[in-house]
J.: 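So that we are looking at the same thing, I have put the structure below in structure tokens.
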Amino acid sequence: MTIQVHDSLSRQLRPLQPAEPGRVRMYLCGPTVYSDCHIGHLMGPVLFDAIARWLIARGLQVRFVINITDIDDKIIRRAQESGEDWRAVAERYTEQYFEFLAQLGVTTVTDHPRCTDHVPQMVEFIADLVAKDVAYVAADGVYFDIGRQPGYGKLSGRRVDEMLAGARIEAAVGLRHPADFALWKFAKPGEPSWPSPWGAGRPGWHIECSVMARELLGPRFELHGGGDDLKFPHHENEIAQSEAHGDGFADLWLHNGLAQSGGRKIAKSDPRMKDPEFARQFNARWLVDTFGAPAVRFFLLRGHYRRPIDFDPSNVEAARTGLVRLLERLGPMIEAPEDAAGAAVLDRALSSAELERHRERFCAAMDDDFNTGAAVAELFSIQAVAQGLTGAPRETALRLLRDLGRILGLFRPGDLAALRNAGGAAGDARVEGVVGLALELRQAARAAKDFATADALRDGLTNAGVAVHDGPAGATFELGPDPAGDRLDRLVAALTAIRNAARQRRDFATSDRIRDRLAELGVELRDGPA
RNA sequence: GGUGACGUAGCCAAGUGGUUAGGCAACGGAUUGCAAAUCCGUGAACGCGGGUUCGAUUCCCGCCGUCACCUCCA
């Protein structure tokens, strides 16, 4: 069993070979905590969490670091705008980020170093670069001299001389090369600062990763990850600094694809983001509330980490539907806590060649550059096998399904409830009350064999994203996602139509009942001539 | 302009020189007052043009199209 990894630096599939057998160290670039969490912040953690889980399942010990950039120009600006202390801003968004990681089942991270906790080490690191003359002091800070670093540009495939032609690189005054980047920025009045031999200031963006990775993982480690957009300049600069420092740095580089919409990347500067309705779709809070955290995680793992993912709501919803099906198949089994017996799923005796084949293919997919999409397909196949079985063999198949899924961080206790409660209506008494009223009316209509009314009510509920399940014990309902956020309006519109029909045939008992019950629920109806 | 990637059925998405990927949707049947849910089952694909080959969606060449990075970004 060899795990092959696509290395962005060599652009090749290369074997993962831990320096110390059995131990893997990985570093992932984390967020700058200055605003609400969006899906881009969460993709890397979820994808790399699945990778870490696989390494652990393969018997490796994993140290997994995601940094928190808690000092930065954007945090300072945000604090100035809101009149808050910059530390409060950073702390608030750090907490929010952690909350989402927990909801999405990101459990393998061992360290979350904060930039501000490592400033002295950064100063020391920069001093070494200055001493080696690959860094120099300029008017507004200390800069790295990319011209002095052989191989600069090897990750992103660009050449130093060609970058001069790039109109987008704006040369600050006094730099040796326009693309030289700041290691240390001198503080302007009123800005937070730390002491340094060159003057009070704060670290530049890139230096923290080189320093914190070294602090926690050592001068050389196995895996370094991040979003594809960080290749240049961020990771290029990390490599330059660390190699200039004399560190081996990362063996293998992994870059995840970026979130898209309509085939285009979602970026801060994207003009579409000016539309709040559009921007909302990528807000972490909205996604988790609308589809449920397990669905978001599942959606991310259906493809391959290196490919971009289109967050059209209908795509996420389709993923959710498939996940619900798997969870329902598993039944009460998913409520069992994760334990050592489940974790040993790869070594378990199966007594079924078919199941063994699927397990092997699952493993082969994960060993091949962490192909979670192909692995998920095996999950569905195992489900299909289980479907054709009964009794103990079925149990065996379902346990295999559950425990393989759990390697990917799926099928956690409470997931089904989390999906059912998604839609933003859980706990909304008005929605629940209106749905309850609609079901009562429908029950009455059915009893009276008034199927036209009964069906109209059901259609109205369906249209509002409420699934109706008729059973021997009466009808129950389930709230699906409500991406447009207008569920209540739709429900009320449906009931109003029913009420108008009742008034038409002078069934004022029903009509008044609808009006009064809605009023109790806080929805006032006003009759007009129309 | 430079660098990198991608184009697979209605949508999403793996993968392979000849053997079913998978999901969602759709369709047919069972069930149902009718539906939904559920169960059983079905069809449909490899951007275009050349080449290599017994055979290419898979390899090679060309073309077209899309995207990302070169600016803040995860």
Side-chain angles (χ1 to χ4, degrees), chain A residues 8 11 28-32 34-35 37-48 66 69 72-74 97 153 155-159 161-163 165-170 179 205 225-236 255-260 262-270 273 282 298-299 302-304 306-310 312 314-326 328-329 361 364-365 368 371-384 387-388 446 449-452 454-455 458-459 461-462 466-471 475-478:
Chain A
S8 305
R11 286 148 232 232
L28 177 69
C29 290
T32 300
Y34 72 102
S35 68
C37 207
H38 64 81
I39 188 58
H41 296 124
L42 269 12
M43 283 175 67
V46 169
L47 266 10
F48 285 86
I66 301 183
T69 302
D72 171 270
D73 294 1
K74 293 188 287 294
Y97 177 69
L155 175 67
S156 54
R158 57 207 79 210
R159 299 216 314 266
D161 51 345
E162 275 175 353
M163 286 195 301
R168 281 170 168 176
I169 292 176
E170 213 172 295
W205 175 33
D228 195 48
D229 53 351
L230 295 185
K231 255 188 200 165
F232 187 89
H234 185 56
H235 290 160
E236 197 71 73
H255 287 95
N256 63 272
L258 305 176
Q260 300 192 332
R264 298 193 163 234
K265 178 190 166 191
I266 302 154
K268 301 255 171 212
S269 53
D270 191 318
M273 293 299 271
F282 317 104
F298 184 68
F299 177 63
R302 277 194 328 165
H304 185 99
R306 275 195 281 125
R307 298 281 299 265
I309 303 184
D310 197 309
D312 186 289
S314 67
N315 292 348
V316 188
E317 174 55 17
R320 176 181 177 276
T321 306
L323 177 59
V324 167
R325 194 155 291 174
L326 287 177
E328 284 178 340
R329 197 74 84 219
R361 289 171 58 159
D368 180 17
N371 192 338
T372 54
V376 166
E378 294 308 315
L379 258 26
F380 278 97
S381 300
I382 293 167
Q383 172 270 143
Q387 221 24 36
R446 291 182 77 200
K449 301 259 188 233
D450 176 7
F451 293 122
D455 291 351
R458 186 181 54 212
D459 291 345
L461 289 166
T462 305
V466 182
V468 179
H469 304 290
D470 284 330
T476 59
F477 70 93
E478 191 179 328

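Naming convention: chains lettered A, B, ... in sequence-line order (proteins, then strands); numbering from 1 in each chain.
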J.: For A:Ser381, check side chain to side chain donor-acceptor pair (under 3.5 Å) against everything at least two apart and list the hits.
T.: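 Not a single residue meets the side chain to side chain donor-acceptor pair (under 3.5 Å) criterion with A:Ser381.
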J.: With a cut-off of less than 4.0 Å, is there a side-chain N or O of A:Lys265 near OP1 or OP2 of B:C69?
T.: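 True: A:Lys265 side-chain N/O within range (under 4.0 Å) of B:C69 OP1/OP2.
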J.: Any base atoms under 4.0 Å from A:Asp228, or only sugar-phosphate, or nothing? Heavy atoms, all strands.
T.: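 Sugar-phosphate only.
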J.: For the backbone of A:Gly303 and the side chain of A:Thr372, can you confirm whether one donor and one acceptor N or O come within less than 3.5 Å of each other?
T.: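 Checked: pair present.
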J.: Classify the nucleic acid contact of A:Ala259 as base, sugar-phosphate or nothing, counting any heavy atom under 4.0 Å across all strands shown.
T.: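 Since a base atom lies under 4.0 Å of A:Ala259, the category is base.
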J.: Return the value, rounded to whole Å, for the distance between atom CG of A:Leu258 and atom C1' of B:A74.
T.: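 That distance rounds to 7 Å.
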J.: Could you tell me which residues satisfy salt bridge (Lys or Arg N to Asp or Glu O under 4.0 Å) with A:Glu317, sequence neighbours excluded, listed by chain and number?
T.: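 By the salt bridge (Lys or Arg N to Asp or Glu O under 4.0 Å) rule, A:Glu317 matches A:Arg320.
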J.: Between the protein and nucleotides 42-45 of chain B, are there any N/O to N/O pairs under 3.5 Å, and if so, what are the atom names and distances?
T.:
none

J.: What pairs with A:Arg361 under salt bridge (Lys or Arg N to Asp or Glu O under 4.0 Å), at least two apart in sequence or on another chain?
T.: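 Per chain and number, A:Arg361 pairs via salt bridge (Lys or Arg N to Asp or Glu O under 4.0 Å) with A:Glu378.
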J.: Go along nucleotides 2-15 of chain B 5' to 3' and tag each nucleotide: B for a protein heavy atom under 4.0 Å from its base, S when only backbone or sugar atoms are that close, - otherwise.
T.: BSS-S----SSSSS
J.: Mind checking side-chain contact (heavy atoms from CB on, under 4.5 Å) for A:Arg446 and listing every partner two or more places apart, or none if nothing turns up?
T.: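 Residues passing side-chain contact (heavy atoms from CB on, under 4.5 Å) with A:Arg446: A:Arg442, A:Gln443, A:Ala454, A:Asp470.
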J.: For RNA chain B, what string of dots and brackets results from 5' to 3' when Watson-Crick and G-U pairs need both distances under 3.5 Å, crossing pairs get [ ], and pairs with another strand get |?
T.: (((((((..(((.....[...))).(((((.......)))))....(((((..]....))))))))))))....
J.: I'd like to know if A:Lys74 reaches the base of B:C72 with its side chain such that a donor and an acceptor end up less than 3.5 angstrom apart.
T.: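 When only heavy-atom distances are counted, A:Lys74 does not reach the base of B:C72 through any donor-acceptor pair under 3.5 Å.
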J.: State which residues pass side chain to side chain donor-acceptor pair (under 3.5 Å) with A:Gln260; sequence neighbours excluded, sorted by chain then number.
T.: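 Once residues adjacent in sequence are excluded, A:Gln260 has no partner under the side chain to side chain donor-acceptor pair (under 3.5 Å) criterion.
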J.: Which part of the nucleic acid, if any, lies within reach of A:Gly263 when heavy atoms closer than 4.0 Å are counted: base, sugar-phosphate only, or nothing?
T.: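 Answer is sugar-phosphate: A:Gly263 comes under 4.0 Å of backbone atoms only.
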J.: Considering only atom C1', compute the distance from B:U31 to B:G22 and round it to an integer number of Å.
T.: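 Straight-line distance between the two C1' atoms is 27 Å.
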J.: Could you tell me which residues satisfy side-chain contact (heavy atoms from CB on, under 4.5 Å) with A:Asn315, sequence neighbours excluded, listed by chain and number?
T.: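 Scan of A:Asn315 (side-chain contact (heavy atoms from CB on, under 4.5 Å), adjacent residues dropped) gives A:Phe299, A:Asp310, A:Asp312.
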J.: A:Asn256 has an atom CG; how far is it from atom C1' of B:A68, in whole Å?
T.: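 It is 13 Å, rounded to the nearest whole Å.
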J.: Could you tell me which residues satisfy side chain to side chain donor-acceptor pair (under 3.5 Å) with A:Thr32, sequence neighbours excluded, listed by chain and number?
T.: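 Here no residue qualifies.
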J.: List in chain and number order the residues that pass side-chain contact (heavy atoms from CB on, under 4.5 Å) with A:His38, two or more places apart in sequence or in another chain; answer none if no residue qualifies.
T.: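 Scan of A:His38 (side-chain contact (heavy atoms from CB on, under 4.5 Å), adjacent residues dropped) gives A:His41, A:Lys268.
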J.: Have a look at A:Gln260 and say if it touches a base, only the backbone sugar-phosphate, or nothing, with a 4.0 Å heavy-atom cut-off.
T.: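 Result for A:Gln260 = sugar-phosphate.
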J.: Could you pull out the protein-nucleic contacts involving nucleotides 33-38 of chain B (nitrogen or oxygen on both sides, under 3.5 Å)?
T.:
from  : atom 1 : to       : atom 2 : distance (Å)
B:G33 : N7     : A:Arg446 : NH2    : 3.4
B:G33 : O6     : A:Arg446 : NE     : 3.0
B:G33 : N1     : A:Asp455 : OD1    : 3.1
B:G33 : N2     : A:Asp455 : OD2    : 2.8
B:C34 : O2     : A:Asp455 : OD1    : 3.4
B:C34 : O2     : A:Asp455 : OD2    : 3.3
B:C34 : O2     : A:Arg458 : NH2    : 2.7
B:C34 : N3     : A:Arg458 : NH1    : 2.8
B:C34 : N3     : A:Arg458 : NH2    : 3.4
B:A35 : N6     : A:Asp470 : OD2    : 3.2
B:A35 : N1     : A:Asp470 : OD2    : 2.9
B:A35 : N3     : A:Arg458 : NE     : 3.4
B:A35 : N3     : A:Arg458 : NH1    : 2.7
B:U38 : OP1    : A:Arg325 : NE     : 3.4
B:U38 : OP1    : A:Arg325 : NH2    : 3.4

